[in-house]
Amino acid sequence: MTASSEKGVVPLFRSGIKRLLVCVWLLAATISSHAASPIRYRLTFPEPQHRWMQVDVSFTELGAETLELRMSRSSPGRYSLHDFAKNVYDVHAFAADGRELPTTRPDPYGWNVAGHGGAVTVKYKVYGDRVDGTYLGIDETHAHINMPAAIMWAHGQDDRPATLTFVQPRGMTWQVATQLHPGASPLEFTAPNLQYLMDSPSEFGPVVMRQFTVGPSAFRFALHHAGTDAEVDGYVKDVEQIVRQEGAIYGEYPDYEPGYYTFLADYLPYASGDGMEHRNSTVMTAAESIAGSRLDLLETVAHEFFHCWNVERIRPKGLEPFDFDRANVSGELWLAEGFTQYYGPLVLQRAKLVDVASTSRTLAGLIEAVSEHSGRLVRSAEDMSRMAAFADGGQTTDRTNWSNTFISYYSFGGAIALALDLSLRERSDSRVSLDDFMQAMWRKFGKPGGSGEGYVDHPYTIIDAEEVLAGVSGDRAFARDFFARYIQGHDVADYTRLLSGAGFLVRKRNAGRAWLGDLRLESRGGARVGSLVDPTWPIYAAGLDQDDELRQVDGQRINSDADVAAVLHRHKPGDTVSMVFVDRTGLAKTATVNLAEDPHIEVVPAESAGALSPAQRAFRDRWLGPT
Ligand SMILES: [Zn+2]
Ligand SMILES: [Zn+2]
């Protein structure tokens, strides 16, 4: 901006001065392009056995303002606050001439540096001992780096490119797997801006790498594990099937900015189970091995890879651009996470990696999560999404009543996806499905891309999603009704009817069995109620709740869950039994309970409980068969 306005002034001057000013303008233009000079990060590992990393960061051409250095409070894809500054120490800032600059702490998350003369190198240590999709894990086997947990950045420098140089720990020959762009040397990488840098986890360790292509798209699987190469080869073949099935849903793959998509997997006994999506990569961590937990690990692959469309590019407005200074909130996580949760196991079925019995259990889990949970009555799916900042990795010191009032937007959204998929298929004789909805969302909001790498120019709102459903279904009233009832309202879909079309029975798991609630007793100076009592349980009306001691049911002394089960076994739904309990203040109470029928359901393939009709088989094949 400054350079172009100077250029406009130049013709007003005599030629000599004009030439001089042109030189000044060229110099200014040069400086202006230098203003995008990269922020340089150098990561070294002097004592990996003590689980810390040394980070040196150099900022140049800063101008006169105070440099506001920050550690993130949040991390893309994880919605609670993590306050990564807590593991940063030994922070020192230096001017270009090597003089140490004083730092001040404007808040717990940042360091301000004034009077720096335009260039600052900041050096700090950061401790990290958690291998997952959010934190930092340093030891003698690897440096597993999620950038927000590790990297100090500065306000106002979002558009600057960055270079990262990894320095090999003494005696190691590790390699880096990352979605960062390759740099000038094998251990140097670049990012075009802060958003992309923060979105680029990097595994520096003894990774094994496999590659495959689907059409013009390239995929890399980088694994750090304790298993064999043969296990990796077989596993990556399954990963490729998942990638193919998900590509078929959207009809194409995104243009991965580095030219390939990278799976970063750490299957190590000291890893924490996790999966985290990024634009061109995913981090998947587990304490399990390929040999021991292949299907569970593949389900994470299917979930995370689906995110390279849904959430990374088909992006809710509340998450774009991501703000590293605060918790980011979206009312659309039922779609961003929940629909992804639905497609993970569905794609395993389409890839023939699981059987119909396994899929039946998955369906039952989704249905139970919403239909038998009283949380649905007090918070809609949209409300649940906005709870993410508290529920996703957040910790509370005080007790909450979330077991009665909060349903994870993963399972809630998964159940909505199931209802929507089956409704669309039912209405259209299987010509229209949720796949069409996802593809339409991709074309409208994801595919147009962003003005810069790491950005999405057309994030969607809930109104946009309803509009797309109106278009895909060809029925605006249907879309409005579905959103009003199941997403913004408190209704539950008729899964029994919807699933019968696909040849699945939804039935009571313990039909005819008397039930007083999913009571769980703990032996703590008597048989004490170990969890909140749900308002939908028969014993809720009796006044019993968490920590109360249950003494008698139907005149029988109670010491454990088995004693309760023995009493219930002698009764049937509709019976009334007496109850004696002592509340946590020591007050003895009596009550009567009207027993209900155990409401828990199971989903059973029709062929195992009778017969599967040709129409049901055709519907099911279109739904669960390969695409
Ligand atoms: Zn690793
Ligand atoms: Zn997810």
Side-chain angles (χ1 to χ4, degrees), residues 51 75 77-78 128-146 149 174 177 201-210 212 219-243 245-246 261-278 281-308 337 340-349 351-355 357-359 361-362 364-366 392-393 408 410-411 414:
R51 297 167 197 176
S75 185
R78 185 121 287 151
D129 192 20
R130 186 175 168 90
V131 179
D132 73 355
T134 301
Y135 294 96
L136 177 67
I138 307 290
D139 61 32
E140 286 176 292
T141 70
H142 66 173
H144 179 84
I145 303 169
N146 289 289
W174 291 350
S202 300
E203 164 79 4
F204 187 29
V207 295
V208 292
M209 190 88 81
R210 297 289 185 272
F212 60 89
F219 303 88
R220 311 190 311 178
F221 199 93
L223 177 61
H224 181 195
H225 75 150
T228 67
D229 279 1
E231 284 165 7
V232 184
D233 293 335
Y235 186 72
V236 172
K237 284 198 171 63
D238 291 349
V239 171
E240 182 176 342
Q241 291 312 307
I242 291 166
V243 166
Q245 285 300 323
E246 295 191 356
Y261 180 93
T262 306
F263 293 91
L264 301 168
D266 271 64
Y267 301 152
L268 298 164
Y270 44 93
S272 302
D274 200 8
M276 183 52 68
E277 67 278 6
H278 300 277
S281 64
T282 175
V283 169
M284 302 176 298
T285 57
E288 291 77 30
S289 64
I290 291 173
S293 299
R294 186 188 190 94
L295 277 177
D296 286 346
L297 299 176
L298 286 170
E299 188 169 333
T300 303
V301 169
H303 179 101
E304 297 307 326
F305 186 64
F306 199 82
H307 274 315
C308 80
E337 284 298 351
T340 304
Q341 184 75 1
Y342 169 70
Y343 269 107
L346 178 63
V347 163
L348 293 191
Q349 170 75 69
K352 295 191 165 65
L353 295 168
V354 296
D355 59 18
S358 166
T359 296
R361 287 191 293 276
T362 301
L366 291 177
D392 176 45
S408 164
Y410 285 81
S411 39

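- Partners of Gln341 by side-chain contact (heavy atoms from CB on, under 4.5 Å), not counting sequence neighbours, listed by chain and number: His303, Tyr410.
- Using a 4.5 Å heavy-atom cutoff, the side chains of His307 and Glu337 are in contact.
- When Tyr261, Phe212, Phe305, Tyr235 are each tested for a ring-ring contact (aromatic ring centres under 6.0 Å, His included) with Phe221, only one passes: Tyr235.
- Residues Asp132 and Val283 approach most closely at O-CG1, 3.7 Å, considering heavy atoms.
- Of all non-hydrogen atoms in Leu353 and Leu298, the two that sit nearest each other are CD1-CD1, 4.3 Å.
- Between the side chain of Ser289 and the backbone N or O of Gly292, at least one donor-acceptor pair lies under 3.5 Å.
- His142 has its side chain within reach of Val131: a pair of non-hydrogen atoms, C-beta onward, lies under 4.5 Å apart.
- Considering every non-hydrogen atom in both Ala271 and Ala287, the closest pair reads O-CB, 3.5 Å.
- Side-chain contact, Asp139 with Thr141: a donor N or O sits under 3.5 Å from an acceptor N or O.
- The side-chain contact (heavy atoms from CB on, under 4.5 Å) check on Pro345 picks up Glu299, Thr362, with sequence neighbours excluded.
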Query raised in the report: Would Asp274 and Arg78 satisfy salt bridge (charged side-chain N to carboxylate O under 4.0 Å, His left out), going step by step from the backbone distance to the final call?
Result: CA-CA 11 Å; Asp274 200 8; Arg78 185 121 287 151; 3.0 Å; yes
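- Side chains of Leu223 and Val207 form no contact here, defined as non-hydrogen atoms less than 4.5 Å apart.
- Contact annotation: the side chain of Glu203 approaches that of Asp266 to within less than 4.5 Å [non-hydrogen atoms, C-beta and beyond].
- Side-chain contact between Leu264 and Thr282 is absent, with no heavy-atom pair separated by less than 4.5 Å.
- In this view, Asp233 and Arg210 satisfy the salt bridge (charged side-chain N to carboxylate O under 4.0 Å, His left out) rule, not counting sequence neighbours.
- Closest heavy-atom contact between Gly77 and Met276: O-CE, 3.4 Å.
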